[in-house]
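Below is one structure; the comments refer to it alone.
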Amino acid sequence: MKRSIFYLGVLLIISIFFTIYYLVHLYPSQNSLPICEICGNNWTLVLQWNFKDGLYPNGWGWGNWSLVDNNLEGRDPKGDISVYFFPFTHGGDFILETKVKFVKGTNGRDVEAQLLTRDSKKIYFESGMVLFAKENKVTIRHMANKNEYVYKTFSINMSIEYGKWYIMRFMIINGYVKAFINGVEVYASNDRFPVGKYHEPHLAVRYGTARFEYVKIYILA
């Protein structure tokens with residue numbers, strides 16, 4: 001009995017030691033993360049995952065997803081929407097970013113790539129953007145407490161083609177919503193909106209096949 005208690009004590013001490021070592025030496029503090037200026041504000045890069053390194057840790061979703069040529073490929077032949085979550089908790093001032101290439105459409109439709117974040121499967125809060133191949137359009141959405149404050153689909157002065165890469169960037173700052181394609185602002189709200197706490201950023205593909213190179217999340221520094 002005494003020997004068992006002794007071994008348990010040793011294991012507890014070892015566990016505490018490695019926990020402290022990880023927190024002090026390995027766990028990245030916000031101060032040690034990259035900071036960059038975007039649209040006149042300093043942002044901290046808190047998540048960066050390149051799919052050449054594999055699937056996102058604890059990533060999940062539905063539909064057809066696989067790694068192809070160091071990219072995450074989503075396929076949706078029927079318009080049911082394939083969704084891939086890269087779970088990460090962030091607040092209401094954030095930037096979501098991904099790099100996408102449209103591969104092909106299906107059933108006479110051109111493929112859509114989606115970049116969004118939400119609170120949970122209850123979906124009280126969900127915000128993000130959709131980019132349409134060939135149609136040269138985007139959809140911007142911002143929902144808070146089940147209220148659709150922004151839900152707009154409109155044309156952009158840009159040619160969105162198959163086989164080319166596009167950087168999608170969605171931003172909320174101080175309640176204002178902005179969206180960019182390849183660094184060009186395509187939407188900016190005139191009004192401020194309520195925001196929430198988000199736990200489930202995600203990618204989605206509809207009506208075809210698209211590939212994603214990476215995902216990033218920034219928060220205000």
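Linking ILVMFWY residues whenever their side-chain heavy atoms come closer than 4.5 Å, directly or via other members, leaves V103 and Y162 in distinct clusters. Criterion: ILVMFWY side-chain heavy atoms under 4.5 Å apart, direct or through other members. Under it, F88 and M129 are part of a common hydrophobic cluster. In terms of hydrophobic clustering, with Ile, Leu, Val, Met, Phe, Trp and Tyr side chains grouped at heavy-atom distances under 4.5 Å, L67 and F86 are assigned to a common cluster. Hydrophobic clustering (ILVMFWY, side-chain heavy atoms < 4.5 Å, transitive): I140 and F125 are in one cluster. L115 and I156 end up in the same hydrophobic cluster when Ile, Leu, Val, Met, Phe, Trp and Tyr side chains are linked at under 4.5 Å.
Within the 3.5 Å criterion, the main-chain N or O of G74 finds no donor-acceptor partner in the side chain of S82. Of the possible donor and acceptor atoms, none in the side chain of D53 sits under 3.5 Å from a partner among the backbone N and O of F51. Between the side chain of N182 and the backbone N or O of I167 there is at least one donor-acceptor pair closer than 3.5 Å. Of the possible polar contacts, one joining the N107 side chain to the P77 backbone as a donor-acceptor pair under 3.5 Å is found. In terms of modelled atom types and a separation under 3.5 Å, the side chain of W60 and the main chain of P87 share no donor-acceptor contact. Side-chain atoms of N42 do not come within 3.5 Å of backbone N or O of A221 as any donor-acceptor pair. No donor-acceptor pair under 3.5 Å is formed between the side chain of W49 and the backbone N or O of K216. Panel note: side chain D76, backbone Y207; a donor-acceptor pair is recorded below 3.5 Å.
With rounding to the nearest 0.5 Å, the separation of NZ in K99 from OH in Y166 is 12.0 Å. Rounding to the nearest 0.5 Å gives a distance of 13.0 Å between CD1 of I217 and OG1 of T44. In this structure, CD1 in I95 is found 11.0 Å from CD1 in I172, a value given to the nearest 0.5 Å. With rounding to the nearest 0.5 Å, the separation of OG1 in T153 from CD in E135 is 9.5 Å. Atom CD in E112 sits 8.0 Å away from atom NZ in K137 (nearest 0.5 Å). Between R211 atom CZ and L203 atom CG the span is 15.0 Å, to the nearest 0.5 Å.
The two atoms that bring D110 and A133 nearest to each other are CB-O, 3.2 Å, heavy atoms only. Contact record, V100 with A210: CG2-CB, 4.1 Å, taken as the closest heavy-atom pair. Annotation for M171 and F180: closest pair CE-CE1, 4.0 Å, computed over non-hydrogen atoms. Nearest heavy-atom pair, H142 versus P194, reported as atom, atom and distance to 0.1 Å: NE2-O, 2.8 Å. R206 approaches I81 most closely through the heavy-atom pair CD-CG1, 3.6 Å. Summarising the geometry of Y84 relative to L72, their closest heavy-atom pair is CD2-CD2, 3.6 Å, with the distance given to 0.1 Å.
Atom OH of Y151 sits in a sparse spot, with 12 or fewer heavy atoms from other residues, nucleotides or ligands closer than 6.0 Å. For N58, the CG atom counts as loosely surrounded, since its 6.0 Å shell holds 12 or fewer non-hydrogen atoms of other residues, nucleotides or ligands. The local environment of NZ in K146 is crowded, with over 12 non-hydrogen atoms from other residues, nucleotides or ligands closer than 6.0 Å.
R169 has its side chain within reach of I38: a pair of non-hydrogen atoms, C-beta onward, lies under 4.5 Å apart. The shortest side-chain heavy-atom distance between V205 and V111 falls under the 4.5 Å cut-off. The shortest side-chain heavy-atom distance between Y218 and V46 does not fall under the 4.5 Å cut-off. Within the 4.5 Å cutoff, side-chain heavy atoms of F154 are placed close to those of Y187. Residues W43 and I35 form no side-chain contact, since every pair of their non-hydrogen atoms from C-beta on lies 4.5 Å or further apart. Under the 4.5 Å side-chain criterion, counting only non-hydrogen atoms from C-beta, N71 is not in contact with F212. Side-chain contact between F132 and I160: absent, with no pair of heavy atoms (C-beta onward) separated by less than 4.5 Å. Counting only heavy atoms from C-beta outward, the side chains of F102 and E161 never approach each other to under 4.5 Å.
In this structure, W62 has its ring center closer than 6.0 angstrom to the ring center of F85. Residues Y198 and F94 place their aromatic rings such that the two centres sit under 6.0 Å apart.
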Item to check | Residues K164, K101; criterion side-chain contact (heavy atoms from CB on, under 4.5 Å); working and verdict | outcome: CA-CA 5 Å; K164 294 187 177 181; K101 178 170 68 174; 5.9 Å; no
Next on the checklist: For a salt bridge (charged side-chain N to carboxylate O under 4.0 Å, His left out) check, start with the C-alpha distance between D119 and K197, then their side-chain angles and the critical distance, and finish with the verdict.
Outcome noted: CA-CA 6 Å; D119 59 326; K197 189 80 169 180; over 6 Å; no
Checklist entry - Which is it for I173 and N41 under the side-chain contact (heavy atoms from CB on, under 4.5 Å) test, yes or no, and what are the steps along the way? => result CA-CA 9 Å; I173 179 169; N41 293 280; 3.3 Å; yes
Checklist entry - Going through the distances and angles, do I123 and M143 end up as a side-chain contact (heavy atoms from CB on, under 4.5 Å)? => result CA-CA 9 Å; I123 316 181; M143 181 179 71; 3.4 Å; yes
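For the side-chain hydrogen bond (donor to acceptor under 3.5 Å, both in side chains) test with R118, the passing option among E200, H202, H199, E126 is E200; the others fail. Of the residues listed (T98, V215, L47, T117), the one engaging P201 in a side-chain contact (heavy atoms from CB on, under 4.5 Å) is T117, and it is the only one.
Neither side chain, Y176 nor D191, offers a donor N or O lying under 3.5 Å from an acceptor on the other. In the model, S66 has a side-chain atom that pairs as donor or acceptor with a side-chain atom of R75 under 3.5 Å.
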